[in-house]
Amino acid sequence: MLLQKKSVSFRIGLTIAAIMAVLALVGYVWTPYDPSAIVGSEKFLAPSLRHLFGTDNFGRDIFSRVMVGVGTTFFISLCTVCIGGIVGTLIGAFTGYFGGVVDEVLMRINDALTAFPSILLALVFIAMLGFGKYNVILALGVAFIPSFARVVRAEFARHRSMSYVKSARLMGASHLRIMFRHILPNTRGVLLPALIIGFNNAVLAEASMSYLGIGVAPPDVSLGYMLSESQSYMIKAPWYVLCTGLVIVLLILGVSMMGEGLRKGGS
């Protein structure tokens, strides 16, 4: 039934995201060229059948680097959503279900953190932890916890007084069983779009941080860093910035359309 409700935008977004996911998975095991191989004689070659996206300022195949870069972005974004989603869901579930003083304290802290943009919080963590792929994952994951906690808390607070929850209590079900066996599955209409939107925001945040030079750095390949590097050659090699930027836009667009389709389908 849920699948039948999906809109055209969801299907288009899913197709785009699936293509990007396949590109990332293939990039983990095979690329047309070594993405790090420097070939001085092939610098700034225009796109062709030999090099689909051309080559960069070091003679590296851009398409091969994009494949690896998409994989890096997917890995960071998935890990970010896992950290933020799991921890945020646990916090939101307990505070929304039990309420009381703990709820008030945690939600005031959550509101204070939510007042700051996620990427700004991530920058603070990066400043303390240092650069690197795994530090970016940890920083973004922690920064995304408040948004998930707020969404889940609202749903649990709404469901805890419903009749099916009261019936489960009367039948002797434990609090944990009621929370995660009964209430949590009924929040999927809100939680799934939140996860997809979180993934989309993580893609954008990672690309932005790498573009600014404070995220993923060489030798790891990042779309954001490639975009930053390519802007110096917009006149000499416009395909470098166009191809890299187009892949980032398509990835964000595909995930955004999936999230919007899920939101409409659940409304």
Side-chain angles (χ1 to χ4, degrees), residues 12-80 119 122 126 130-137 139-140 199-200 202-257:
I12 295 174
L14 179 62
T15 301
I16 296 174
I19 291 173
M20 293 296 171
V22 170
L23 197 67
L25 290 173
V26 173
Y28 271 114
V29 296
W30 174 85
T31 54
Y33 298 88
D34 184 347
S36 301
I38 297 175
V39 184
S41 60
E42 296 189 352
K43 293 192 297 184
F44 298 124
L45 294 181
S48 63
L49 291 177
R50 184 181 176 193
H51 297 284
L52 294 180
F53 287 178
T55 61
D56 64 8
N57 52 309
F58 290 109
R60 298 171 298 193
D61 181 64
I62 296 175
F63 183 70
S64 298
R65 291 179 62 78
V66 163
M67 292 176 69
V68 177
V70 171
T72 300
T73 298
F74 260 93
F75 176 73
I76 291 175
S77 300
L78 285 173
C79 291
T80 295
I119 191 170
I126 287 294
F131 302 151
K133 178 167 62 177
Y134 295 103
N135 287 342
V136 170
I137 291 172
L140 289 176
F199 181 88
N200 187 63
V203 170
L204 188 58
E206 184 278 321
S208 300
M209 293 171 66
S210 298
Y211 177 84
L212 295 172
I214 52 177
V216 178
D220 290 321
V221 182
S222 164
L223 295 177
Y225 185 83
M226 289 175 63
L227 188 64
S228 175
E229 185 180 56
S230 65
Q231 69 178 4
S232 300
Y233 309 102
M234 290 182 64
I235 304 299
K236 189 172 185 179
W239 55 84
Y240 191 2
V241 65
L242 288 175
C243 293
T244 305
L246 181 61
V247 170
I248 295 176
V249 169
L250 285 175
L251 179 56
I252 294 174
L253 177 64
V255 179
S256 296
M257 294 178 72

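These figures come from a predicted structure and were not determined experimentally.
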Rounded to the nearest 0.5 Å, what separation is found between the [atom1] atom of [X] and the [atom2] atom of [Y]?
X: D56; Y: S64; atom1: CG; atom2: OG; result: 10.5 Å
X: F75; Y: K133; atom1: CZ; atom2: NZ; result: 5.5 Å
X: F63; Y: H51; atom1: CZ; atom2: NE2; result: 12.5 Å
X: T31; Y: L23; atom1: OG1; atom2: CG; result: 10.5 Å
X: S210; Y: M226; atom1: OG; atom2: CE; result: 11.5 Å
X: M20; Y: T15; atom1: CE; atom2: OG1; result: 12.0 Å

> Got a sec: does the OH of Y134 have more than 12 other heavy atoms crowding it under 6.0 Å?
Replying inline: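 Incorrect, the count does not exceed 12.
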>> With a 6.0 Å cut-off (strictly less than), is the heavy-atom count around OH of Y225, excluding the residue itself, greater than 12?
In response: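 12 or below, so no.
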>> Between S77 and E206, is the side-chain hydrogen bond (donor to acceptor under 3.5 Å, both in side chains) condition met? List the steps.
In response: CA-CA 8 Å; S77 300; E206 184 278 321; 5.9 Å; no
>> Determine whether a donor-acceptor pair (N or O, by modelled atom type, separation under 3.5 Å) exists between the side chain of T72 and the backbone of V221.
In response: yes
>> Determine whether a donor-acceptor pair (N or O, by modelled atom type, separation under 3.5 Å) exists between the side chain of R60 and the backbone of S36.
In response: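 A pair under 3.5 Å: no.
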>> Walk me through whether Q231 and Y211 qualify under side-chain contact (heavy atoms from CB on, under 4.5 Å).
In response: CA-CA 10 Å; Q231 69 178 4; Y211 177 84; 2.6 Å; yes
For [X] against [Y], the heavy-atom pair lying closest together:
X: A122; Y: M209; result: CB-SD, 4.1 Å
X: V216; Y: D220; result: CG1-CB, 3.4 Å
X: C79; Y: I137; result: CB-CG2, 3.5 Å

> For the residue pair F44 and Y233, is the inter-centroid distance of their aromatic rings smaller than 6.0 Å?
Replying inline: yes
Side chains of [X] and [Y] in contact at under 4.5 Å (non-hydrogen atoms):
X: R50; Y: E42; result: yes
X: M257; Y: L253; result: yes
X: V203; Y: V255; result: no

Would you tabulate the side-chain donor-acceptor contacts of residues 235-252 under 3.5 Å, counting partners in other chains and residues two or more places apart, or write 'none'?
| from | atom 1 | to | atom 2 | distance (Å) |
| --- | --- | --- | --- | --- |
| W239 | NE1 | L45 | O | 3.3 |
| W239 | NE1 | T55 | O | 3.3 |
| Y240 | OH | E229 | OE1 | 2.5 |
| T244 | OG1 | Y240 | O | 2.8 |

